[in-house]
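Accompanying notes for the structure given below.
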Amino acid sequence: MNSHHRWLLEQLPQWERDGLLTADAARALRERHAVDASQPGAAQIIMGSLGALLIGTGLIAVIGYNWDDFSRPVRLLFAFLPLLATQLLSFHVLQRGDASAAWVRETTALLQALATGACIAIVSQVYNLGGEWPDFLFWWMLLSLPLAWVLRSSAVAIFYLIAIAVWSANQTDRSLPWHDSPFLYPLLLLGLLPFWPGWPPSRTLSVSVRWVMTVSAIVGLCSAALGHYWYHDATFLWLWTLTAAVIALFPLNQAGIEEPTRRKPQVVLGSLWLLGYGVAATFRDVSDDILKATTNALHLPWCWGLLAVLLVFVLTASARKRWAVLAISSISLLPLIAFPFVQNKGDYYSTLLSWLATFHLAAIGITLIVLEFAGKKSAPRLGAALLSVLIIARMADSHFSLLAKGIAFIAVGVAFLVFNILMSRLHRQKQLPVS
Amino acid sequence: MKALPLLIFALTALAQWAAPLAQIWTHEQTLAKGTLIKLKCTAPDPYDPLRGRYLAVRPDQSEADVPEGAKLERGMSVYAMLTTGTDGLATVTHLSMTPPASGDFVRVKAGYAYDKKAGFEWPFDRFYINEQLAPEADEWFAENIRKARGVVAEVRVLNGRAVLADLSIDGKSFREILKERGK
């Protein structure tokens, strides 16, 4: 949002000179769309982070040199000197408080995080320590996390989020204890919540941090779902779908709900998975596998944990009237609805889930279109796309001839294009000034 | 300046020093006071003896007897009891779930157990060498490793902790061999 505000503020002087705005109007716009100086611009973060990364990577490259000619104490001194220097720099930046530019905070925090990693790495080199790289990464990211809090550094937060995701993905060996497995991920993610402690909870995260956080959560939580012994390959797919629903329904305050969807990556990515899963569930073979997977998953504690969290999020979303996201997230629960009717009944009844998914997705698609014509905020193109994909999926899973399928696909494509033209005209009419 | 951020920063800075210093302390103690044992190692793969400027060190012995009734699980920390033979090389006599009251032992990670034996992983697997010596090492291995009587890892052990101090080949320190070769 800062980038839009900056653009607007840059245009105001020219608009005033051109007579498009009065001085009062320009002042009112400046006050209304003030730039949040605590949020650095993306360019600032990138340049500062690049500088820090180059310095930090240089430090780490120095490790590879292996100075046999120096004694052990001297080599250890080289390990600690950069750490000391970056800590002094960070202390100076902390002392200056808000007087320090945002990019200075970011660069300092990232430098200190990299110096910490370099120090640990040099010590392990000096003593020929073995061990696995995930263990090194784990301690490095934990020692860096507080820098995101005290220096309010998005760069360190992004590093931490990537590190916990990579660590979790690497720890899916089922023989590991829970504290050394991806089951620790939710606790690790809470460590960033967001950039606490002591800072105002109304702090808004930048779009880049949101995207990294969402992808990190997906990787971490899906790794945890893999951490169980499963009887059936499709078991983890249903757990991943429950995870997608949890992520999509993550509670938002009113300001968050009113933001455009593109600024809510958890809704975008969660919904994409859920819709894809829903379409896949319309296929009879796939729905059969999904129901078998549900039987296995219901024995797993992680599954019950996901369902409990999902229930809480559903209640919160209902209170906030987030009906669209609720409708899409409910796709994850279709197997549970079908489950009691097909248990112990063999394959004959497994088409129940396929039909449930078909009708559910069709209802979502039609509702999204109808709401637009009823004058409500909606996503009619998404509705049309959903219906098109559904029809194509049903045709693909049917026994119709190739000719029939081809004609159906052409008809759906034409209808989709016509609908798109209709929507564009409707939007242009809405944008015309009222005479 | 607010007190809470300063406190958290101070604690973080202390932790960032404490973690590596703790490693240094325990390993220096082991190097200074630990018993020197020698383990015969498998020669690193002559086609890939170096990975990232270190030698992959793999002691010959990778499994040992397990006491009757002991229930080992893969990944569990156990203790490898060491005995030095007449040839000066140490071998692991058996694995134990608890550290012994006396004798030399190393904490290792248990692998798969079968019959009355179990595999285990040593706590060291690499020996860093100077980047300038690394190409020399590569060349030396390609020329000599089949002729050498064997690579021996010199390890200091103290209270279950092991630190790889040196590698020797035919009784001579590997670093010295490479330095002489480089002259």
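The structure displayed is predicted, hence computed values, not measured ones. So that the names make sense, note that chain A is the first sequence line, chain B the second, and so on, each numbered from 1.
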Are [X] and [Y] close enough that some pair of their side-chain heavy atoms sits under 4.5 Å apart?
| X | Y | answer |
| --- | --- | --- |
| Phe9(B) | Pro146(A) | no |
| Trp17(B) | Cys119(A) | no |
| Thr12(B) | Val150(A) | no |
| Gln16(B) | Leu147(A) | yes |
| Val126(A) | His27(B) | no |
| Asn128(A) | Phe124(B) | no |

### Message
Can you tell me which portion of Leu31(B) sits under 4.5 Å from chain A's heavy atoms? Options are side chain, backbone, both or neither.
### Response
side chain

### Query
Side chain, backbone, both or neither: which part of Ala19(B) has an atom under 4.5 Å from a heavy atom of chain A?
side chain

### Query
Any idea which heavy atoms bring Val123(A) and Pro20(B) closest together, and the distance?
CG2-CB, 3.9 Å

#### Entry: Exercise: identify the closest heavy-atom pair between Val163(B) and Tyr127(A)
CG1-O, 3.9 Å

### Message
Rounded to the nearest 0.5 Å, what separates atom CG in Leu4(B) from atom CH2 in Trp149(A)?
### Response
9.5 Å

### Message
If I take atom CD from residue Gln23(B) and atom CG from residue Leu76(A), how far apart are they, to the nearest 0.5 angstrom?
### Response
11.5 Å

### Message
Quick check on Ser124(A) against chain B: is it the side chain, the backbone, both or neither that has a heavy atom closer than 4.5 Å?
### Response
backbone

What do you reckon, is [atom1] of [X] surrounded by more than 12 foreign heavy atoms closer than 6.0 Å?
| X | atom1 | answer |
| --- | --- | --- |
| Asp98(A) | CG | no |
| Trp25(B) | CH2 | no |
| Lys109(B) | NZ | no |

## Note on the structure
Looking only at Asp180(A), Leu143(A), Leu145(A), most heavy-atom pairs under 4.5 Å shared with chain B are made by Leu143(A)

### Option in Ile120(A), Leu142(A), Leu83(A) with maximal non-hydrogen atom pairs under 4.5 Å from chain B
Leu83(A)

## Note on the structure
One option among Leu21(B), Asp125(B), Ile24(B), Thr30(B) has the most heavy-atom pairs under 4.5 Å with chain A, and it is Ile24(B)

